[in-house]
Amino acid sequence: MITSTSSSQVKHVISLLSKARERKKNKEYVVEGVRMVSEVPADLLVKIYMSERFHSNNPEYVHELVKKQGISSDSIEIVADNVFDRMSQTQTPQGIMAVVRMSDTDLEGILSDKRNPLLLIIENLQDPGNLGTIVRMAEGAGVTGIIMSSNTVDIYNPKTIRSTMGSLYRVPVIYVDDICEAADVCKSKGVTVYAAHLNGTDNYNKKDYTKPTAFMIGNEGNGLTDKLADKADEYVRIPMQGEVESLNAAIACTILTYEAVRQRL
């Protein structure tokens with residue numbers, strides 16, 4: 001049992017929770033809570049940490065978790081309650097967390113998906129909750145991949161992870177160094193790219209999204225950069241009333257994506 005915050009494992013977990021640089025370097029991130037740990041794909045699980053109290057009070061859960069994940073007891077580390085509280089970033093820790101390996105996905109892998117492509121191209125989004133909501137929505141809509149610019153908020157940020165409610169495990173996500181080049185690659189593979197843009201002349205529901213489709217969504221305050229917007233095959237707009245000029249990025253993303261879902265049913 002780990003009883004000290006000076007443990008190298010404890011320091012590793014804390015660094016993964018607090019530093020995007022460490023997550024990127026190690027290609028690992030941390031999830032907290034019963035649901036998030038229970039849904040970790042077995043092939044991506046690195047280590048599970050349980051507080052002493054949680055382990056003692058939930059023997060049946062622990063047994064089922066080991067059975068479901070097909071892991072050995074060596075993959076579970078018991079941590080003194082006070083140490084676990086120091087490790088956790090939640091106000092009321094459930095007493096369980098896990099270190100998870102990042103999925104090894106790239107643009108070629110996303111575009112080779114056998115399903116009819118429905119992609120999101122996200123540029124410079126900054127709010128963790130917004131991005132997490134988009135990932136969760138994407139799973140529900142059957143999105144086949146999310147492509148993000150390098151300046152987009154870290155999807156492995158603890159707040160973003162909580163917002164995904166486990167969808168992060170099941171939706172392919174990647175960061176790219178050149179988002180414009182990625183848009184060009186999508187187009188070269190037969191994907192029609194639409195930009196949600198104030199200069200759009202047609203309402204979003206007037207287009208055909210039954211074929212391979214990608215929607216570009218920009219920064220909360222500034223929208224898409226001109227450079228990326230110019231890569232779109234077409235601009236579309238979401239009609240507004242009153243004095244509202246734009247919607248929350250996650251809401252706009254949902255409206256567009258679920259129109260594609262409706263057309264494909």
Side-chain angles (χ1 to χ4, degrees), residues 20 24 105-113 116-138 141 143-157 160 164 168 171-209 211-240 244-261:
K24 186 175 182 179
T105 308
D106 57 17
L107 182 57
E108 181 179 348
I110 285 178
L111 292 173
S112 65
D113 193 304
N116 185 14
L118 179 57
L119 304 169
L120 300 176
I121 299 174
I122 296 176
E123 184 186 34
N124 301 343
L125 206 66
Q126 294 301 302
D127 183 79
N130 253 349
L131 183 57
T133 299
I134 288 172
V135 175
R136 186 179 179 189
M137 177 281 300
V143 167
T144 56
I146 299 177
I147 303 162
M148 298 172 288
S149 67
S150 59
N151 289 332
T152 296
V153 65
D154 182 14
I155 201 166
Y156 300 106
N157 176 304
T160 309
T164 71
L168 178 60
V171 178
V173 297
I174 61 167
Y175 286 91
V176 292
D177 293 329
D178 189 332
I179 194 74
C180 294
E181 180 181 337
D184 282 336
V185 172
C186 290
K187 292 167 66 173
S188 73
K189 298 295 184 179
V191 177
T192 302
V193 177
Y194 297 90
H197 203 283
L198 292 175
N199 292 334
T201 55
D202 290 332
N203 286 350
Y204 72 97
N205 58 353
K206 301 299 183 182
K207 302 299 181 181
D208 179 8
Y209 306 131
K211 298 175 182 178
T213 298
F215 293 113
M216 299 197 302
I217 301 291
N219 174 269
E220 294 91 343
N222 301 315
L224 294 165
T225 62
D226 292 341
K227 186 176 180 181
L228 181 59
D230 287 345
K231 296 294 183 180
D233 292 300
E234 296 189 59
Y235 287 176
V236 295
R237 65 184 179 89
I238 299 172
M240 302 285 180
V244 176
E245 291 186 354
S246 63
L247 294 175
N248 168 280
I251 292 175
C253 201
T254 301
I255 290 171
L256 295 170
T257 304
Y258 268 88
E259 173 61 20
V261 173

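Values below: all heavy atoms of this structure, side chains included; hydrogens, waters and symmetry mates excluded.
Residues Leu131 and Met148 meet the side-chain proximity criterion, which asks for heavy atoms closer than 4.5 Å. Here the side chains of Lys211 and Thr192 are not in contact, with every heavy-atom distance at 4.5 Å or above. The shortest distance between side-chain heavy atoms of Ile134 and Thr257 does not fall below 4.5 Å. With contacts defined as side-chain heavy-atom distances shorter than 4.5 Å, the pair Val176/Ile174 qualifies. Side-chain contact between Leu107 and Glu181 is absent, with no heavy-atom pair separated by less than 4.5 Å. In this structure, the side chains of Ile155 and Val135 come closer than 4.5 Å at one or more pairs of heavy atoms.
Separation of atoms CD1 (Ile146) and SG (Cys253) is listed at 7.5 Å; rounding is to 0.5 Å. Atom CD1 in Ile147 sits 11.5 Å away from atom OG1 in Thr105 (nearest 0.5 Å). Put simply, CG on Asn151 and OH on Tyr175 are 10.5 Å apart, with the number rounded to the nearest 0.5 Å. Residue Lys189 holds its NZ atom at 13.0 Å from CG of Asp184, rounded to the nearest 0.5 Å.
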Q: Show your reasoning for whether side chain to side chain contact (heavy atoms under 4.5 Å, CB included) applies to Ile121 and Tyr194.
A: CA-CA 10 Å; Ile121 299 174; Tyr194 297 90; over 6 Å; no
Q: Give the C-alpha distance, both sets of side-chain angles, the deciding distance and a yes or no for ring pair (Phe, Tyr, Trp, His ring centres under 6.0 Å) between Tyr204 and Phe215.
A: CA-CA 11 Å; Tyr204 72 97; Phe215 293 113; 8.8 Å; no
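Contact between Met216 and Ala229 at its shortest, heavy atoms only, is CE-CA, 4.0 Å. Minimum interatomic distance between Leu119 and Cys186 (heavy atoms only, all atoms of both residues): CD1-SG, 3.9 Å.
Inspection of the Ser149 and Asn124 side chains reveals an N or O donor paired with an N or O acceptor under 3.5 Å. Judged purely by distance below 3.5 Å, without hydrogens or angles, the side chains of Glu123 and Thr225 pair a donor atom with an acceptor atom.
Within a 6.0 Å sphere centred on CG of Asp177, heavy atoms belonging to other residues, nucleotides or ligands number 12 at most.
The residues Asp202 and Lys207 are annotated as salt-bridged, a charged nitrogen and a carboxylate oxygen being separated by less than 4.0 angstrom.
Remark: side-chain polar atoms of Glu220 are paired, donor with acceptor, to backbone N or O of Asp127 under 3.5 angstrom.
Of the options Ile110, Leu111, Val191, a side-chain contact (heavy atoms from CB on, under 4.5 Å) to Val185 is made by Leu111 and by none of the others.
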